[in-house]
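In what follows, a structure is listed as structure tokens, so that the remarks can point back to it.
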Amino acid sequence: MTRRRISILGATGSIGQNTIDLIKRDVDAYEVVALTGAGNIAQLAADARALRADVAVTADESRLDDLRAALIGSGIEAAAGQVALSEAAARPADWVMSAIVGAAGLAPGIAVLQQGATLALANKESLVCAGSLILETARKHDARLLPVDSEHSAVFQALVGEEMAAVERIVITASGGAFRDWPLADLPNATLAQASNHPNWNMGQRITIDSASMFNKALEVIETREFFGVEPEMIEVLVHPESMIHALVGFHDGALMAHVGPPDMRHAIGYALHWPERRALPVERLDLAAIGSLSFRAPDIARWPALRLARDVMARGGLAGAVFNAAKETALDGFIAGALCFTAMAEIVEEVLTQIDATGGHIDAPMTLDNVAAADHLSRKTARDIIEKRAG
Ligand code: NDP
Ligand code: MG
């Protein structure tokens, strides 16, 4: 049997490690081409050795010597930097996991599509920044895109055998994150530790904080629009504290197809890994009788302004997604560094969107990788200036 050639971008992160967990259970079925990471050199080197990867790449150029040292005697190539990341992504493979965090995942993801490989997309930021560019590249190179975000995997599964014309709405659920039940007046005082603690999911720190602010769901609404090509009015967010139903697809005949599964990313990763087959996965078997009841509520826009901003971004179109994501990433950096309070993140993002829209030009530029990078750069600079002004 020929082995499937796979690469994992962002191998050292939460999604990357869950992917590796699945690969290790059936290691002879795969030939690992490239693994990438950034700061966690020890993990990157250990996994590259265990999976006999051809190449290991760190995004951090200053760590190349450390990576080389950790790989001595293994015969595995070591490389570093953004260009090396995209080169690794371009190495012939059948299936590539895109699990770098943030806009940094965009260029390597495009390189994967350009070689015609299947891209399992966890990196939602790339779709938010450059949805049409990604879809166009996939089409041009006959490459397949599979969702990994749990809600989008759920929608994808609910749509099997259905026509998009029959779809009336797509409902993605949100746990509500760490501060779902906090009094609104306490939100400005939320600490980094409190925001980094998700009630249901075990994920990387950045997406966990984004879940508390609902910026994660805001990105996912835009991701839904791009991935499934539906109008913004067809997308709903539903707060569902138990995180058992990940999404529902509503059809014109009144049916709602819900996807129910344990809050374990290995389900969505495994579905994308084995697609179009469904195979046994090492996830909990849900006992609904023991769970007893599931609850739902409408999202509170006053608590989560990020959801309102996502609507503005979709209405604006063009490069507004790239501006939105970069402002969000910069505001999140500010919160993590202690320079911003929790609620200031949404204020900064809104201010950046308003300022950049007012100056015109950038948002309406054609969607090329260079223009996305320019919009991203301008947004980060604008956000940093606003943060500095506030501090001064
Ligand atoms: P983590 O923070 O756990 O991991 C991020 C990965 O990206 C690590 O391998 C990290 O390397 C690497 N990385 C960090 N910065 C850079 C950079 N500038 N350039 C290249 N690589 C970099 O994130 P998650 O695994 O939680 O999330 C990954 C992606 O998946 C995100 O887009 C997230 O939104 C999405 N996602 C995650 C879910 C989850 O359950 N975690 C669920 C749904 C979507 P290192 O650790 O070595 O520094
Ligand atoms: Mg999700």
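These numbers come from the heavy atoms of this one structure, side chains and all, not from hydrogens, waters or symmetry mates. In listed order, ligands and their atoms are each counted from 1.
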Of [options], which meets side-chain contact (heavy atoms from CB on, under 4.5 Å) against [X]?
X: Leu113; options: Leu121, Leu135, Leu145; result: Leu145
X: Val237; options: Thr173, Val171, Val221; result: Val221
X: Lys124; options: Ile222, Asn325, Val101, Ile207; result: Ile207

Ring pair (Phe, Tyr, Trp, His ring centres under 6.0 Å), paired with His267, selected from His274, His246, His259: His259

Minimum-distance protein heavy atom relative to [atom]:
atom: atom 19 (N) of ligand 1; value: Ala59 CB, 3.4 Å
atom: atom 23 (O) of ligand 1; value: Val101 CB, 4.0 Å
atom: atom 48 (O) of ligand 1; value: Gly39 N, 2.8 Å
atom: atom 25 (O) of ligand 1; value: Ile15 N, 2.9 Å
atom: atom 33 (C) of ligand 1; value: Ile207 CD1, 3.9 Å
atom: atom 28 (C) of ligand 1; value: Ala99 O, 3.3 Å
atom: atom 21 (N) of ligand 1; value: Ile100 CG2, 3.5 Å
atom: atom 47 (O) of ligand 1; value: Thr12 OG1, 2.7 Å

[X] neighbourhood, listing ligand 1 atoms whose heavy-atom distance to it stays under 4.0 Å:
X: Gly204; value: 3 (O), 26 (O), 41 (N)
X: Asn40; value: 45 (P), 47 (O), 48 (O)
X: Leu85; value: 20 (C)
X: Asn123; value: 32 (O)
X: Ala104; value: 17 (C), 18 (N), 19 (N)
X: Ala122; value: 30 (O), 32 (O), 35 (C), 36 (N), 44 (C)
X: Met203; value: 39 (C), 40 (O), 41 (N)
X: Gly13; value: 1 (P), 3 (O), 4 (O), 8 (C), 9 (O), 25 (O)

Answer whether the closest heavy-atom distance between the side chains of [X] and [Y] falls below 4.5 Å.
X: Val230; Y: Met164; answer: yes
X: Met265; Y: Val148; answer: yes
X: Asn40; Y: Leu44; answer: no
X: Thr19; Y: Ile6; answer: no

State whether the shortest distance between N or O atoms of [X] and N or O atoms of ligand 1 falls below 3.5 angstrom.
X: Ser14; answer: yes
X: Asp149; answer: no
X: Glu125; answer: yes

Heavy-atom contacts under 4.0 Å between Gln205 and ligand 1: side chain, backbone, both, or neither? neither

Does Ala38 approach ligand 1 within less than 4.0 angstrom via side chain, backbone, both or neither, non-hydrogen atoms only? both

Does the pair [X]/[Y] count as a salt bridge with the N-to-O cut at 4.0 Å?
X: Arg380; Y: Asp376; result: yes
X: Arg180; Y: Asp300; result: no
X: Glu136; Y: Arg139; result: no
X: Asp54; Y: Arg91; result: no
X: Lys328; Y: Glu125; result: no

Report the distance from atom CD1 of Ile387 to atom OG1 of Thr382, rounding to the nearest 0.5 Å. 11.0 Å

As an exercise, state the distance from CZ of Arg4 to CG of Asp26, rounded to the nearest 0.5 Å. 10.5 Å

Whether the His152 and Thr224 side chains hold a donor-acceptor pair (N or O, under 3.5 Å, no angle test) is what I'd like checked. yes

Under 4.0 Å, counting heavy atoms only: does Met265 come that close to any atom of ligand 1? yes

Heavy-atom nearest neighbour of atom 34 (O) of ligand 1 within options Lys124, Met97, Gln17, Gln43: Lys124

Mind checking how many protein N/O/S atoms fall short of 2.8 Å from the Mg ion (ligand 2)? 3

Got more than 12 heavy atoms from elsewhere within 6.0 Å of CG, Asp21? yes

